[in-house]
Amino acid sequence: MIGILDMRMGNLASVANAIEEVGFDPVILEPERVPFDDLTHLVIPGVGHFGAAMRHLDEHQLSPLIRAYAASGRPLLGLCVGMQILAALGTEGGDTPGLGLIPGVVVRIAELDGLRVPHVGWNSLVPARRHPLLDGVKPDRDVYFVHSYALRPDDPDDLIAATEYGEPLAAIVGRGSVVGCQFHPEKSQNGGIQILENFCRWDGRC
Amino acid sequence: MLKNRIIPVMLLLGGRLVKTARFDTWRDVGDPVKSAQVYNSQAADELMLLNIGRDGPSIAPLLQILGPLSRGCFMPLTVGGGVRGFDDMAILIRSGADKVVLNSAVFDTPDLITRAADRFGSQAVVVGVDVRLDPETGAHTVYSDCGHRRRAVPLLDHVQSCVERGAGEILIQSIDRDGVMGGFDLPLVAKVTDRVSVPVICAGGCGHYEHLRDVFHGTRVRAAACGSLFNFTDSNPIRAKAFLSNHGLPFRKV
């Protein structure tokens with residue numbers, strides 16, 4: 001069973017639509033009672049604020065359950081802020097500890113050379129290494145980003161793909177069965193839908 | 001490299017899409033759900049759905065179609081028109097909107113921008129600013145309430161204050177150019193784009209691919225919204241981007 005965690009802050013419907021489009025029947029998980037034992041795949045979507053996302057998890061005592069799920073080796077996919085909270089630390093609106101599944105810190109994108117922040121729009125996905133999530137995705141294709149903060153993984157091996165916006169920004173990160181996309185695959189048409197399908201078919205091994 | 005964006009605009013009135021001219025005189029141009037599917041297959045970079053119902057501010061017309069519309073739309077969807085407050089915005093995002101346009105409501109409750117940005121992130125908060133050229137003074141003047149209410153606040157002060165409160169994007173709309181297909185108001189677009197540090201979407205006036213080229217070359221704007229261009233001609237986003245690529249403007253690879 002593929003579960004999408006209801007973070008009560010994002011565009012939940014579009015993630016479910018995109019997963020249905022590739023032939024799966026995901027369930028929306030109410031934060032009050034998540035059947036973690038029944039899940040084969042967990043998606044944590046998110047639009048918004050790092051602190052608000054972590055507060056939501058804390059209110060429902062979800063963080064330890066998500067960590068336990070990740071430790072079981074089943075695939076976990078974070079999207080946008082859902083990806084950022086995989087990090088150890090967020091800095092949006094003051095330092096906030098994250099789930100700590102990917103060592104690293106989430107920092108504001110530097111406004112270098114007159115670049116506008118947030119980083120909004122289509123930008124190239126440049127693979128840093130091979131990964132099952134990228135199977136069948138043409139290199140250098142564009143995906144849709146919309147964010148003001150970016151995850152900086154401590155370990156370069158945790159970077160799966162990057163994009164360039166004044167400086168290289170993490171686009172896909174992953175450690176073991178835990179992966180995260182900074183961009184919105186559900187809003188990135190063919191390339192993005194392929195990544196979601198790859199995730200839904202993935203056994204969590206690299 | 002970040003690419004330029006072409007954003008088809010769909011104006012919703014009475015459950016149908018319409019084309020307006022100078023915020024007035026509408027003509028029926030089709031079904032919203034079907035049109036969104038067509039734009040999806042034409043690889044539009046984003047879609048914008050604006051409710052222009054005049055029966056008082058309400059998001060009810062949007063909610064009636066947002067579900068089916070977003071199911072066939074695998075690109076970002078910006079929705080607005082009639083958003084009164086935080087709860088409206090939350091419902092729209094929950095129902096399939098990725099970004100919400102705030103316009104008239106920010107004059108009475110400017111804190112709405114900050115509250116929305118704190119909850120949904122500033123990237124989800126687009127502030128729409130409707131502007132008319134004052135024929136006497138030649139100044140760009142801000143209007144709200146579908147262009148009916150003139151506002152005293154100077155344009156650049158308004159835009160800047162919205163950004164400081166947390167707006168993640170500015171949608172700058174020329175009322176004079178709306179639906180007239182004579183080209184964007186380049187001084188207006190340049191002025192706003194040069195003032196703010198967030199992305200700007202220009203709207204109002206696009207009638208030909210050359211108008212897109214002119215605004216991308218003549219100003220620092222990187223996103224253009226088009227209504228009439230795609231409503232009434234053989235034009236579509238694929239052809240627009242092919243034309244613009246020949247003028248050195250980068251677009252996403254499909």
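Here is how names work: the chains are called A, B, and so on, in the same order as the sequence lines, proteins then strands, and each is numbered from 1.
- Heavy-atom pairs under 4.5 Å with chain A were tallied for B:Ala124, B:Ala223, B:Ala43; the largest tally goes to B:Ala43.
- Counting all heavy atoms, side chain and backbone alike, A:Pro118 lies closest to B:Pro199 at O-CG, 3.5 Å.
- A:His49 touches chain B through backbone and side chain together, each having a heavy atom under 4.5 Å away.
- Ranked by heavy-atom pairs shorter than 4.5 Å toward chain A, the options B:Arg119, B:Arg220, B:Lys99 are led by B:Arg119.
- Surrounding CZ of B:Arg16 are more than 12 heavy atoms belonging to other residues, nucleotides or ligands, all under 6.0 Å away.
- A:His184 contributes atom NE2, which lies 7.0 Å from atom CG of B:Asp98 (distance to the nearest 0.5 angstrom).
- Under the 3.5 Å distance criterion, with hydrogens and angles disregarded, no donor-acceptor pair is assigned to the side chains of B:Lys253 and A:Ser124.
- Residues that satisfy the salt bridge (charged side-chain N to carboxylate O under 4.0 Å, His left out) test with A:Glu111, not counting sequence neighbours, are A:Arg108.
- Both the backbone and the side chain of B:Leu77 have a heavy atom closer than 4.5 Å to some heavy atom of chain A.
- Sparse packing is recorded around CZ of A:Arg152, with 12 or fewer heavy atoms of other residues, nucleotides or ligands lying under 6.0 Å away.
- Across all non-hydrogen atoms, the minimal contact from B:Thr193 to A:Arg116 is O-NH2, 2.8 Å.
- Considering only heavy atoms from C-beta on, A:Arg8 comes within 4.5 Å of B:Arg94 through its side chain.
- Of all non-hydrogen atoms in A:Asn17 and B:Ser70, the two that sit nearest each other are ND2-O, 3.4 Å.
- Residues A:Glu21 and B:Phe74 have side chains in contact (heavy-atom distance under 4.5 Å, counting atoms from C-beta outward).
- Looking at every heavy atom in both residues, B:Val198 comes nearest to A:Val117 through CG1-O, 3.5 Å.
- By number of non-hydrogen pairs under 4.5 angstrom with chain B, the leading residue of A:Arg141, A:Glu186, A:Glu164 is A:Arg141.
- The CG atom of B:Leu2 lies 8.0 Å from the OG1 atom of A:Thr163; values are rounded to the nearest 0.5 Å.
- B:Gln123 has its side chain out of reach of A:Tyr149: every pair of non-hydrogen atoms, C-beta onward, lies at least 4.5 Å apart.
- The existence of a salt bridge linking A:Asp140 and B:Arg252 is excluded, since no basic side-chain nitrogen approaches an acidic carboxylate oxygen closer than 4.0 Å.
- Residue A:Asp58 places its CG atom among more than 12 non-hydrogen atoms of other residues, nucleotides or ligands, all under 6.0 Å distant.
- Across A:Trp122 and B:Pro76, no two heavy atoms sit closer than the pair CZ2-CD, 4.2 Å.
- Judged by distance alone, the side chain of A:Gln189 and the main-chain N or O of B:Met75 form no donor-acceptor pair under 3.5 Å.
- Between chain A and the options B:Arg222, B:Glu169, B:Glu46, heavy-atom pairs under 4.5 Å are most frequent for B:Glu46.
- The side-chain heavy atoms of A:Val120 and B:Arg5, taken from C-beta on, include a pair separated by under 4.5 Å.
- Within the 4.5 angstrom heavy-atom criterion, atoms from both the backbone and the side chain of B:Asn40 approach chain A.
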